[in-house]
There are 2 protein chains.
Amino acid sequence: MAEVSALAGRRSEVHISCMTGSAKLATVAACAGDPARASMLQLLMDGRAFTAGELSSAAGVAAQTASGHLFRMVDAGLLTVANQGRHRYYRLSSPLVAQMLEGMMVVAAANVVMTGPGNEAMRKARSCYDHLAGRLGVGIAQRLVDAGHVTLTDQGGEVTSSGTMFFRRIGIDAETTPSHRAFCRPCLDWSERRYHLAGVLGDRIMHFCFDEGWIRQKPKSRVVDITPLGTRKFREVFGLRLDI
Amino acid sequence: MAEVSALAGRRSEVHISCMTGSAKLATVAACAGDPARASMLQLLMDGRAFTAGELSSAAGVAAQTASGHLFRMVDAGLLTVANQGRHRYYRLSSPLVAQMLEGMMVVAAANVVMTGPGNEAMRKARSCYDHLAGRLGVGIAQRLVDAGHVTLTDQGGEVTSSGTMFFRRIGIDAETTPSHRAFCRPCLDWSERRYHLAGVLGDRIMHFCFDEGWIRQKPKSRVVDITPLGTRKFREVFGLRLDI
DNA sequence: GCGACGTTTCGGAAATGGCCGAAGTGTCGG
DNA sequence: CCGACACTTCGGCCATTTCCGAAACGTCGC
């Protein structure tokens with residue numbers, strides 16, 4: 001990590017650690033405050049790593065421009081980079097960054113009606129770092145709550161005993177809980193403005209849906225496509241109708 | 001876009017609602033991405049309203065510069081403004097904005113050691129929108145957890161039955177719960193990197209401490225001073241030693 | 001080794017945005 | 001009605017930043 005910033009001539013002299021509180025806040029915020037960088041961050045929000053080239057085309061800028069942006073975000077601590085052959089893979093440096101971005105998107109979407117044809121697929125279903133969001137994510141969460149399998153308030157979430165059985169029956173592990181991470185966390189959905197399911201359980205549900213072939217990741221995007229099988233299964237298993 | 005900002009007063013014609021997702025994210029983020037605006041936002045984070053003049057001096061810029069910044073933040077939906085005589089009071093437009101800022105500060109403080117003489121008072125005790133943060137806030141939360149009065153994980157918080165009795169005894173209402181808001185919410189403290197107590201209960205605890213004269217708001221700042229009475233009471237009531 | 005490719009650095013043009021002096025609007029107090 | 005005050009708008013200066021062409025670097029496939 002240290003040698004990453006050391007190798008370049010583009011060293012930032014003023015180390016972020018000797019800044020005042022508001023200056024550090026501004027440095028971090030300014031990273032997301034540019035349209036090109038914001039586009040990159042949105043793509044990275046699903047937690048996967050992307051190459052500099054993929055990010056440059058996602059942002060709609062030339063490769064050399066993107067390179068500068070990426071350096072800046074690494075320098076600010078938002079991104080980490082891994083060299084792999086002639087590619088460099090960038091990813092968010094921690095889930096905290098994804099949560100921060102989610103918080104910003106909630107505010108960004110708060111005052112306006114989300115209309116925009118380009119966003120329709122995104123609003124329908126997308127991945128959010130390690131769990132599902134959009135109407136699909138909110139819908140699953142809602143059905144689980146309705147069925148009494150989980151409780152989900154803005155104070156936190158919990159799996160009920162009926163939920164434990166339910167998840168065991170369909171093949172999702174809702175019992176082994178790594179202690180260092182929230183297991184069942186509500187997460188405010190910026191497009192639906194209701195809670196969806198995050199934490200370890202949200203992670204496992206999403207991966208289960210991928211493994212079963214119910215959803216498929218759209219290339220170079222956070223959008224997930226719901227397969228015909230998925231459409232049927234979400235109705236059968238969760239009682240969720242997605243055609244509304 | 002160029003002529004948009006040029007003509008026609010200071011009204012922004014291009015309404016934020018017709019922006020694409022990442023542009024809106026960038027607009028919101030850019031508000032916090034300037035040192036002057038970041039300073040203002042930090043001051044506003046305790047939820048109180050401040051006049052344009054107070055905010056301009058907090059940011060260290062001239063009144064006319066601040067005016068522009070404030071317009072921009074109102075336009076982006078981060079702030080609301082209320083006219084009162086010849087003053088204009090600005091405040092965060094919603095608790096969601098405070099949460100967003102808190103998330104950004106967590107990331108900003110994540111990679112670095114918080115050292116800086118100016119921040120010592122802030123790290124000791126401050127208000128965070130409607131509850132206490134800093135060593136005081138974290139300490140109170142820790143003592144309440146240790147005593148078994150509340151549980152506090154990253155999934156959420158809860159008041160135990162012993163906690164209900166405890167709060168009743170010292171004079172804090174921990175029973176009537178407005179349904180629309182989290183009652184006992186954990187909130188990651190950026191300076192201590194541990195949880196403190198937010199939500200309705202955090203709100204009531206802070207106001208109780210103010211009313212009892214245990215703490216006092218430092219003028220034009222989020223810093224709170226702990227009075228001699230408070231020092232004694234925090235030890236007697238919570239078993240909290242603040243001189244460490 | 002060679003060329004193709006992904007990525008970065010350099011350099012300079014252009015746009016953006018912050019900042020303040022000066023002037024304008026609106027409110028309060030006498 | 002007047003001046004004092006809080007705040008905003010206007011206009012221009014200046015620093016920062018974004019952007020891309022050109023070129024360099026490192027890796028991969030042949």
Side-chain angles (χ1 to χ4, degrees), chain A residues 3-14 22-23 26-27 29-40 49-76 79 81-90 220, chain B residues 1-14 22-23 26-27 29-41 49-76 79-90 220:
Chain A
E3 55 274 9
V4 164
S5 55
L7 62 82
R10 206 196 284 252
R11 274 295 279 264
S12 72
E13 340 269 293
V14 42
S22 62
T27 302
C31 280
D34 173 82
R37 287 193 294 266
S39 301
M40 298 182 187
F50 289 86
T51 66
E54 289 170 328
L55 291 166
S56 84
S57 69
V61 294
Q64 60 271 40
T65 305
S67 178
H69 287 311
L70 291 167
F71 175 86
R72 184 169 169 170
M73 291 194 280
V74 170
D75 199 53
L79 265 43
V81 59
N83 295 9
Q84 198 162 308
R86 52 182 163 184
H87 295 279
R88 303 194 78 194
Y89 281 92
Y90 291 89
K220 310 201 174 179
Chain B
M1 190 87 120
E3 63 276 8
V4 161
S5 53
L7 59 85
R10 194 169 240 155
R11 286 288 284 263
S12 73
E13 336 269 288
V14 40
S22 62
T27 303
C31 281
D34 172 81
R37 287 193 294 266
S39 300
M40 298 181 186
L41 287 170
F50 288 87
T51 66
E54 289 168 328
L55 292 166
S56 84
S57 68
V61 294
Q64 60 271 39
T65 304
S67 178
H69 286 312
L70 291 167
F71 174 86
R72 185 168 168 168
M73 293 193 279
V74 170
D75 198 51
L79 267 41
T80 55
V81 59
N83 295 9
Q84 198 162 309
R86 51 182 162 182
H87 294 281
R88 304 195 77 195
Y89 281 92
Y90 291 89
K220 308 199 177 183

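Of all heavy-atom pairs spanning A36(A) and V61(A), the tightest one is CB-CG1, 4.1 Å. Of all the heavy atoms in A26(B) and D34(A), the pair that sits closest is CB-C, 3.9 Å. In plain terms, the two heavy atoms of R37(B) and C31(B) that are nearest each other are NE-O, 2.8 Å. Nearest heavy-atom pair across Y90(B) and A52(B) is CE1-CB, 3.9 Å.
Between R72(A) atom CZ and dT8(C) atom C1' the separation is 18 Å, expressed in whole Å. Atom-to-atom, CG of D75(B) to C1' of dT8(D) comes out at 15 Å; the value is rounded to the nearest Å. For the pair M73(B) CE and dG17(C) C1', the computed distance is 15 Å after rounding to whole Å. If you measure from atom CG of N83(A) to atom P of dC28(D), you get 11 Å, rounded to the nearest angstrom. Here dT9(D) presents its P atom at 12 Å from CD of Q64(B), a figure rounded to the nearest Å. Going from atom CG of L55(B) over to atom P of dT8(D) covers 10 Å, rounded to whole Å. Taking atom CG on L70(B) and atom P on dA6(D), their separation rounds to 16 Å, with Å as the unit. Taking atom NE2 of H69(B) as the reference point, atom C1' of dC20(C) lies 11 Å away to the nearest angstrom.
Counting only heavy atoms from C-beta on, D34(A) has its side chain closest to dC19(D) among dT8(D), dC19(D), dT8(C).
Contact annotation: R88(B) side-chain N/O to dT8(D) OP1/OP2 distance is under 4.0 Å. Contact check, T65(A) against dC20(D): a side-chain N or O comes under 4.0 Å of OP1 or OP2. Distances shorter than 4.0 Å separate some side-chain N or O of R37(B) from OP1 or OP2 on dG18(C). For the pair H87(A) and dT7(C), the criterion of a side-chain N or O lying under 4.0 Å from OP1 or OP2 is met.
Note on A63(A): a base of the nucleic acid sits closer than 4.0 angstrom, heavy atoms only. Contact annotation for T51(B): backbone-only contact, meaning every heavy-atom pair under 4.0 Å involves sugar-phosphate atoms and none involves a base. Among the atoms of the strands shown, only primed sugar atoms or phosphate atoms (P, OP1, OP2) are found under 4.0 Å from some heavy atom of Y90(B).
When the nearest nucleotides of DNA chain C are assigned to A30(B) and R86(B) by heavy-atom distance, the more 5′-ward of the two goes with A30(B). Residue A36(A) is the one, among Q84(A) and A36(A), whose nearest nucleotide of DNA chain D lies closer to the 5' end (criterion: closest heavy atom).
Residues that satisfy the side chain to side chain donor-acceptor pair (under 3.5 Å) test with S56(A), not counting sequence neighbours, are absent from this structure.
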